[in-house]
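Within every chain, numbering begins at 1; the chains are lettered A, B, ... in the order of the sequence lines, protein sequences first and strands thereafter. These figures come from a predicted structure and were not determined experimentally.
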4 protein chains.
Amino acid sequence: MTTPATSKAQRGRPRDPRIQQSILQATREMLDEVGYSRLTIEGVAARAGAGKATVYRWWSTKGELVLEAVADHIAIGVVSDTGDTRGDLLIATQQLIETFSDRLAGIVIFAAIANLDDDPNMARIFRETAVMPWRQSAVEAIQRGIDRGDLPADTDIVFTLDVIVGTVFQRTLVVAQPQTEGLSRSIIDLLIASS
Amino acid sequence: MTTPATSKAQRGRPRDPRIQQSILQATREMLDEVGYSRLTIEGVAARAGAGKATVYRWWSTKGELVLEAVADHIAIGVVSDTGDTRGDLLIATQQLIETFSDRLAGIVIFAAIANLDDDPNMARIFRETAVMPWRQSAVEAIQRGIDRGDLPADTDIVFTLDVIVGTVFQRTLVVAQPQTEGLSRSIIDLLIASS
Amino acid sequence: MTTPATSKAQRGRPRDPRIQQSILQATREMLDEVGYSRLTIEGVAARAGAGKATVYRWWSTKGELVLEAVADHIAIGVVSDTGDTRGDLLIATQQLIETFSDRLAGIVIFAAIANLDDDPNMARIFRETAVMPWRQSAVEAIQRGIDRGDLPADTDIVFTLDVIVGTVFQRTLVVAQPQTEGLSRSIIDLLIASS
Amino acid sequence: MTTPATSKAQRGRPRDPRIQQSILQATREMLDEVGYSRLTIEGVAARAGAGKATVYRWWSTKGELVLEAVADHIAIGVVSDTGDTRGDLLIATQQLIETFSDRLAGIVIFAAIANLDDDPNMARIFRETAVMPWRQSAVEAIQRGIDRGDLPADTDIVFTLDVIVGTVFQRTLVVAQPQTEGLSRSIIDLLIASS
DNA sequence: ACTTAAGCGAGACGGTACGTCTCGTCTTAAC
DNA sequence: GTTAAGACGAGACGTACCGTCTCGCTTAAGT
């Protein structure tokens, strides 16, 4: 959320974009240094040289603030049609791994999932802004694979995506092992009977 | 943890097990009603009719308290050898799904993940007491499958488990869809070339 | 103490004087109802409808809070020069009796004494703000008496004051008898050879 | 109080006097080290190697415990008839000063007076056991002085004693100056027109 | 010698208040 | 009319003692 509840006709002193930027920058720094749960609005405001109320005016929850601060990090690259089903899915998976492996993105994705029931709004925003575009493009890539006959006609697309996302999440964030070299290949090999 | 550091020969008034039970029961109720992050030691003590110090005497952190309270819910059933590789893995996966689908278990698993950096002890206990026994038995089931020739000799056991755990986690906790009917079958079909 | 350590140029929201007053009022009420030792900061805050932190922000100890709350009660009236030595000392003694007979003042004076080692600051503030002005004016009254020849030239001023204060303390607070009618006259008769 | 409420025919294990002594000794040590208000029953029991319940069994309040622990220190010596009114009163006053100057006695007398309204029992015991014998003997000494004609027939005995006690209290405990050399002489000079 | 009741240490227990912390809101003066 | 500063109510934190209450062990007196 970037606008306050009441956004009337512009009157008085306009909002200072430099302040917004310094708040987002401070958020990123604190995320990096202390993680999500130990990040406090109070701390962010202090580091940004801003008042607490200013932060609350533009972001009503910690989740929203953090998501906007790392928006660039968590946007997952979409897949385009290269004509090669296997290649498309490999790229889609690698995009996912890349994003999940980004330090700040990892922290925030973890937080979004872990606080699902506490702060459902955070997960919703994450899903809508970061996940859905990728997911849509991945759905299309799989559909193209089915259309081409590279994948069985009865392929369960949702399940397929959940295998990809779940496995990548498990390997990159839960187990957190850096050597994810052959990960995308392994996953895709599993999904497309490699010959 | 249920015992103070030094549990020597019985001295002084012994711990009252009814109080322990009422604290753990109150913990479960509050977890169910308000979730992990809104659960407070103070609230648990009040509901259990106990003093705060009594709670702190036996559980030094919220994580330890909650894990012991839901120990039965989060223990994942282990797999035994039925002689049937496919059947063993199906059961292993279903055990996982069953545990992940339990409401209290889900809350605590999310909490363990969310507080990884705050309270690494919590994740450690969860892993050691709930996950590892299952994981060990699953590793053995896969190994038996390899030995029998039901699975390729070069099967990556760790990867295989991460696919199972990741996919189940994604489906049961992240997407949280109740109809997990064919989920275990779908996963195992993927891992064992179904004939 | 009524101001935090650093009271720079006014920045931020200023202290709300109504809250200060309600806290001091609540303090007086609790002092009256339960005495000093059973008065709790928590109770004062609750009765004043204030947060505990607000009380602690302005008064770092119970002693400071209580002393400020009863400042008017414990301030002992000073003596001015009426030209009559005996009259001046009578008035000085009566001022003392009057203050020591005040219910709230008595409670706080006892508390200041009781907590001399715990909270030496409390006794210091009491002495400096309530006792010293009176004592100084009494010293001057005695000195004038000496100068006028109404009192012996070798009068021990400090001793004289200790007789007055000690006797008044003993009668009004320790023995706590209400009929202190002739007390000041008796004391002054002792100190000035009545003719 | 040194005996439990019901002291029937002796049955069971008798009270161990060594434990009583070690508790009283620990009480004295803690009084000396931390004063009255910071002395805790818990701390005394721990230092004495005793259980808390043992302390509570014999002394129901902190005041009673402390008074018994320093009983020897706070007993004020009584005055006997030497035939010399002035001498008797000087001795009576010096006895008072001596007791008030004792470190442990001072701490406890202070506490007894300061906690008058909190723990009236403590003051009562102090008065009855320590003060009254002295006071009675002092009353008699003054009465003898009146009978002999050394003091005016209309001498207010109670007031006279309050001047002595109040002044000594003020000088030895409130102002706490060690040089109380001529104090008794100064007080008695005031009360008996010295010639 | 055996029984038995109290003394005793240890320490668990329900409470209460401590002083600190962070939350999200509210209120000024400054710009 | 937005901002920085920071006061405010709220309420949880983890700790310290309170005074009470079991426990199992010890110690004599009375059998």
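- Here dG9(F) presents its C1' atom at 14 Å from CZ of Arg18(C), a figure rounded to the nearest Å.
- Here dC17(F) is the nucleotide among dC13(E), dC17(F), dT22(E) with the atom lying nearest to any side-chain atom of Glu42(D).
- In terms of the salt bridge (charged side-chain N to carboxylate O under 4.0 Å, His left out) criterion, residue partners of Arg47(D) (sequence neighbours excluded) are, by chain and number, Glu29(D), Glu33(D).
- Considering CD of Glu68(D) and CD1 of Ile74(D), their distance stands at 10.5 Å, rounded to 0.5 Å.
- For a distance-only test at 3.5 Å, the side chain of Arg13(C) qualifies as a donor-acceptor partner of the base of dA7(F).
- Rounded to whole Å, atom C1' of dA12(F) lies 10 Å from atom CD1 of Ile41(B).
- Applying the salt bridge (charged side-chain N to carboxylate O under 4.0 Å, His left out) test to Lys62(A) and every residue at least two apart in sequence or in another chain returns nothing.
- With sequence neighbours excluded, no residue forms a salt bridge (charged side-chain N to carboxylate O under 4.0 Å, His left out) with Asp119(A).
- For the OP1/OP2 pair of dC13(E) and a distance below 4.0 Å, the side-chain nitrogens and oxygens of Trp58(B) include at least one atom meeting the criterion.
- Between Arg38(A) atom CZ and dC21(E) atom P there is a gap of 16 Å when expressed in whole angstrom units.
- Computed from coordinates, the Lys62(B) NZ to dC13(F) P distance equals 7 Å when rounded to whole Å.
- By the ring pair (Phe, Tyr, Trp, His ring centres under 6.0 Å) test, Phe126(C) is found to be paired with no residue, residues two or more places apart in sequence or in another chain being considered.
- Going from atom CZ of Arg11(B) over to atom C1' of dT22(F) covers 15 Å, rounded to whole Å.
- For DNA chain E, none of the residues of residues 24-32 of chain A falls under the heavy-atom distance limit of 4.0 Å.
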For nucleotides 14-16 of chain E, list the nitrogen or oxygen atoms of the protein found under 3.5 Å from its nitrogen or oxygen atoms, one pair per line.
from    : atom 1 : to       : atom 2 : distance (Å)
dG14(E) : OP1    : Gly49(B) : O      : 3.4
dG14(E) : OP2    : Gly51(B) : N      : 3.1
dG14(E) : OP2    : Thr54(B) : OG1    : 2.9

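- At whole-Å resolution of the value, OH in Tyr56(C) and C1' in dC13(F) are 14 Å apart.
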